[in-house]
Structure formats: C-alpha cells, structure tokens
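Only heavy atoms go into these numbers, but all of them, side chains included; no hydrogens, no water, no symmetry mates.
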Amino acid sequence: MAKQLRRAGHDVHLSPMLEIVADPAWPLRLGDLRPAAVIVTSANAVQAEGAPPLPAALADRPALCVGARTAAAAKAAGFRAATAPGEGGAEALVAWIVGHLDPAAGMLLHLGGRDRAGDVDGRLQRNGFAVTTLETYRAEARTEFSKETAALLSGGGVDLVVTASARTSAAFLACLRAGGQVSRLAELAIVAISAAAAAPLVEAGARHVHVPDAPTGAALGDLVLGLADRRRGVAANPDS
C-alpha cells in the first residue's frame, strides 16, 4: 500500500504499532500431526523475521489463507499450493471451508499468532472440524510513538491514519494517551480494515472513520488512495 501511495505522489510515514516476534521453535511442536489442510490467517505466521523454515511435512499440504498477500507469503515460505478462497477476511475463509471441505477428511492445522481475532478455530469446531493451532509468532504492542511520529502528529503533519486490526488501533490509542495527544482523534481521518478494527478509536472519540466494503488489503488500499487523492484535491482547491 505504501508503494502505491508514494507512486501517486503522497507522503507516507510508516509507524508500526506492533512488533512481530517469531517463535523459532514452533516446528518442534508439530510432532506427528498430518493435517488435511493448513490455515494461515496472517503473513506473519510464515514470514516474520527470524521465522524457521517450513517443515517438509507441511509443504505438500494445501494452505488456505486470508487474503492474497498471506497466500503469497505462504508460497514463498514453501507451501506448494497456497490459495486465498472466500475473497475476504477470516469470516469468508471460514464460510468457504465449511462449504467446501469435509470434516471427515482430517484435522486442520491453524498457523497463527498468540493473539488471534475472528475465532476461526471455534467457528470451525462448531461446524464439526477438528482444529489444532500452533502459535508461530507474537505481536508486542508499542507503548509510545517514535520521536518522528510524535512530532508529525503534534505538528499536524498527519491527515490519514490506517489501521488493519483492533490490536493495532488499541496500541495507537495507548501511544496517543502516553504522549498526551488523544484530542487529535477528533481531527484525524481513520481508515480501518473493518468496523471491529476501528472500534477502539471510535470509542475514544474518533469522528472521521472510513471502512472499506470488504475486509481485504486490496479494498483497504483502494479506499486509502481514494481518500488521499480527494483530500489533496480539496487542499489544492479549498474554494471548489
């Protein structure tokens, strides 16, 4: 998304709210598990910095992923067949699995983070599937902004804030509070991948919140680009 925005002439400042920490020992917990398919709900599950190589026993298992970016990461990690069925977020993936797979075909292995949204495992289990989860990474929330980010926010150098999860939003809010800048929420345009992702900021006073029609990276990127283009046009022609 950042590259797309920069190509369009927009200034982009990246300020990760979560530090991704891979668990290098997760393959040791695989044991003798031989899943019918592997669920991958985040690219971080297979490509976080420091991630171990994909166990050979999983390489020939179909990887069912949330989003095209996650599917690409799964292929790069070594899955020979990685797809993003359902064309949406975790909810769409669960619906696809329930509609297309037979629980009797075997257990499903979910590679994910320590903190997982969407209750993928529970919803599949309620539909008769056996699901085993292996935590392959954790996301540690920041507690304060970098000096550069704090200066941009306090100086009015930020127009749009993009968030892709409720945890990211909660961490952003905590950093605003730590820096005494919560009042900025009333002015900032917030672009969130879903209503759930936006919720912590809405509850804290965000007024200008935008959510794409579908909870996908592509839809989020298109919305951000459109809003950024419009805001640039208004700034260039304030009387129009």
Does [X] have more than 12 heavy atoms from other residues, nucleotides or ligands lying within 6.0 Å of its [atom1]?
| X | atom1 | result |
| --- | --- | --- |
| D213 | CG | no |
| R184 | CZ | yes |
| N127 | CG | yes |
| E144 | CD | no |

Just to verify, which of L111, L58, V131 counts as forming a side-chain contact (heavy atoms from CB on, under 4.5 Å) with P35? L58
When V209 is tested against each of V191, L188, I190 for side-chain contact (heavy atoms from CB on, under 4.5 Å), which residue passes? I190
Measure the spacing between [atom1] of [X] and [atom2] of [Y] and express it to the nearest 0.5 Å.
| X | Y | atom1 | atom2 | answer |
| --- | --- | --- | --- | --- |
| I193 | S169 | CD1 | OG | 11.0 Å |
| R142 | T149 | CZ | OG1 | 7.0 Å |
| T136 | R29 | OG1 | CZ | 8.5 Å |
| T216 | L223 | OG1 | CG | 10.5 Å |

Give me the atom names and distance for the closest heavy-atom approach of [X] to [Y].
| X | Y | value |
| --- | --- | --- |
| A186 | R207 | O-CD, 4.0 Å |
| P200 | A197 | CD-O, 3.5 Å |
| A59 | L54 | CA-CD2, 3.9 Å |

Does [X] reach the main-chain N or O of [Y] with its side chain, forming a donor-acceptor pair under 3.5 Å?
| X | Y | answer |
| --- | --- | --- |
| T70 | V66 | yes |
| R6 | V12 | yes |
| R167 | A139 | yes |
| S154 | A150 | yes |

Indicate whether the side chain of T41 and that of H110 have a donor and an acceptor atom separated by less than 3.5 Å.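 Yes, a side-chain donor-acceptor pair sits under 3.5 Å.
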So, R114 and E140, do they make that salt bridge, N to O below 4.0 Å? yes
Could you go through the salt bridge (charged side-chain N to carboxylate O under 4.0 Å, His left out) check for D119 and R126 one step at a time? CA-CA 11 Å; D119 191 25; R126 289 191 289 274; 3.0 Å; yes
